[in-house]
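Heads up: numbering here begins at 1 and tracks the sequence.
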Amino acid sequence: AILADPQVIPDAINRLQQIEVEKLLASNREAIETPFAGAWTGAEDADVVLVEFFDYNCPYCRQSIADVDRLMREDPKLKVVFRDLPVLGPDSERFARASLSAAEQGRYRRFYADVFAGQGGLTQERLIRHVRAAGLDEAKVASDLGSKAIAAEVQKNLDLGRALGLTGTPSYVVGNRILSGAVGYDELKKAVAEARAAKA
């Protein structure tokens, strides 16, 4: 049978890999899909959750914002959970901590949008500018940069990323699929549709 159809072997390997991914996602589902404070957007009673792992220093994450925003506009039953995954150095981590402070202050999306709309490196001066533009409490942000709870959330995201075998940003988890890279609107929409169909 294998000689007659050699494609059987790669198909079997792919299926085994998918089974392992599904097990991994099932065992980590709550940790993946439960947002930190206000680090989410969309429908509170969503039937599908799309989780985005990103780094503020990642140009591909910036490029993908329009795709996720379009999905959100078109799909009233979708929830997007944001997971700060600062893998591109200490500046990324500082912005991730400020981002989580914004989540606690109910201004996550304002901070997120403002940072990605900005230009240049993730400098301290830029951070202050974005904190002010998002209307954050500067004293709280300063305190949160050294907060153990915020540091623990960053570490949790990094641990989840490692557990899921994420190789970079952006990465997405939706249903039983992990998508790596700036996969584009069509691929994200397809994954959401598959996740919804699997629940039906």
Side-chain angles (χ1 to χ4, degrees), residues 24-25 27-42 44 46 49-65 68-69 72 79-174 178 180-182:
L24 192 60
L25 291 174
S27 62
N28 289 284
R29 180 80 59 197
E30 188 175 350
I32 295 166
E33 292 187 353
T34 303
F36 178 82
W40 66 278
T41 190
E44 196 160 1
V49 177
L50 182 144
V51 182
E52 175 187 326
F53 289 81
F54 74 95
D55 186 310
Y56 281 110
N57 221 1
C58 167
Y60 303 105
C61 297
R62 180 193 304 264
Q63 175 186 321
S64 299
I65 289 173
V68 175
D69 284 349
M72 293 300 307
K79 180 179 192 176
V80 176
V81 171
F82 300 96
R83 295 221 161 272
D84 295 76
L85 192 72
V87 292
L88 298 173
D91 292 336
S92 293
E93 177 149 353
R94 187 167 63 249
F95 270 69
R97 290 184 182 216
S99 180
L100 294 171
S101 179
E104 287 192 334
Q105 296 181 51
R107 294 177 178 268
Y108 189 87
R109 285 289 282 163
R110 285 183 65 179
F111 182 83
Y112 174 97
D114 197 65
V115 173
F116 276 122
Q119 299 294 326
L122 302 183
T123 63
Q124 181 66 23
E125 293 75 17
R126 219 183 124 193
L127 179 60
I128 293 167
R129 194 162 66 247
H130 294 308
V131 163
R132 289 175 178 165
L136 302 180
D137 179 329
E138 293 180 47
K140 176 164 173 48
V141 174
S143 171
D144 284 344
L145 290 177
S147 156
K148 288 184 180 177
I150 296 281
E153 178 65 14
V154 170
Q155 189 58 52
K156 172 186 166 184
N157 290 344
L158 292 168
D159 291 344
L160 275 173
R162 274 191 288 274
L164 297 174
L166 304 186
T167 54
T169 54
S171 289
Y172 304 92
V173 174
V174 55
I178 297 172
S180 298

Are V80 and V68 close enough, and set up right, to give a side chain to side chain contact (heavy atoms under 4.5 Å, CB included), and what steps lead you there?
CA-CA 8 Å; V80 176; V68 175; 4.1 Å; yes
Nearest 0.5 angstrom please: [X] [atom1] to [Y] [atom2], how far?
X: F95; Y: L100; atom1: CZ; atom2: CG; result: 13.5 Å
X: T41; Y: E52; atom1: OG1; atom2: CD; result: 11.5 Å
X: C58; Y: F53; atom1: SG; atom2: CZ; result: 14.0 Å
X: I178; Y: L24; atom1: CD1; atom2: CG; result: 6.0 Å
X: I32; Y: L164; atom1: CD1; atom2: CG; result: 4.5 Å
X: D55; Y: L85; atom1: CG; atom2: CG; result: 7.0 Å

Just jot down the ring pair (Phe, Tyr, Trp, His ring centres under 6.0 Å) partners of F82, sequence neighbours excluded, or say none.
Y108, Y112
Name all residues meeting the ring pair (Phe, Tyr, Trp, His ring centres under 6.0 Å) criterion together with F111; count only those two or more places apart in sequence or in a different chain, and write none if there are none.
Y56
Looking at E153 and R83, does any basic side-chain N land under 4.0 Å from a carboxylate oxygen?
yes
Should the pair R129-E125 be classified as a salt bridge under the 4.0 Å nitrogen-to-oxygen rule?
no
Check whether any side-chain heavy atom of T169 lies under 4.5 Å from a side-chain heavy atom of V87, and answer yes or no.
yes
Is there a side-chain contact between F54 and Y172 (heavy atoms, below 4.5 Å)?
no
Work out which heavy atom in A134 is nearest to a heavy atom in R107; give both atom names and the distance.
O-CD, 3.1 Å
Over all heavy atoms of both residues, which pair between P35 and E33 is shortest? Give the atoms and the distance, please.
CD-O, 3.2 Å
Ignoring hydrogens and angles, tell me if any N or O in the side chain of [X] forms a donor-acceptor pair with the backbone of [Y] under 3.5 Å.
X: S64; Y: Y60; answer: yes
X: N157; Y: D84; answer: yes
X: R62; Y: N57; answer: no
X: D114; Y: A133; answer: no
X: S171; Y: G168; answer: yes

Listed partners of Q63 passing side chain to side chain donor-acceptor pair (under 3.5 Å), at least two apart
none
Please name all residues satisfying side chain to side chain donor-acceptor pair (under 3.5 Å) with Q124, sequence neighbours left out, ordered by chain then number.
R94
Atom pairs and distances, side-chain donor-acceptor, residues 135-146, under 3.5 Å, sequence neighbours left out:
residue : atom : partner : partner atom : Å
D137    : OD1  : A139    : N            : 3.0
D137    : OD1  : K140    : N            : 3.1
E138    : OE1  : R132    : NE           : 3.3
E138    : OE1  : R132    : NH2          : 3.4
E138    : OE2  : R132    : NE           : 3.0
K140    : NZ   : E104    : OE1          : 2.9
K140    : NZ   : D144    : OD1          : 3.4
K140    : NZ   : D144    : OD2          : 2.9
D144    : OD2  : S101    : OG           : 2.7

Can you name the residues that form a side-chain contact (heavy atoms from CB on, under 4.5 Å) with Q155, not counting sequence neighbours?
L158, D159, R162
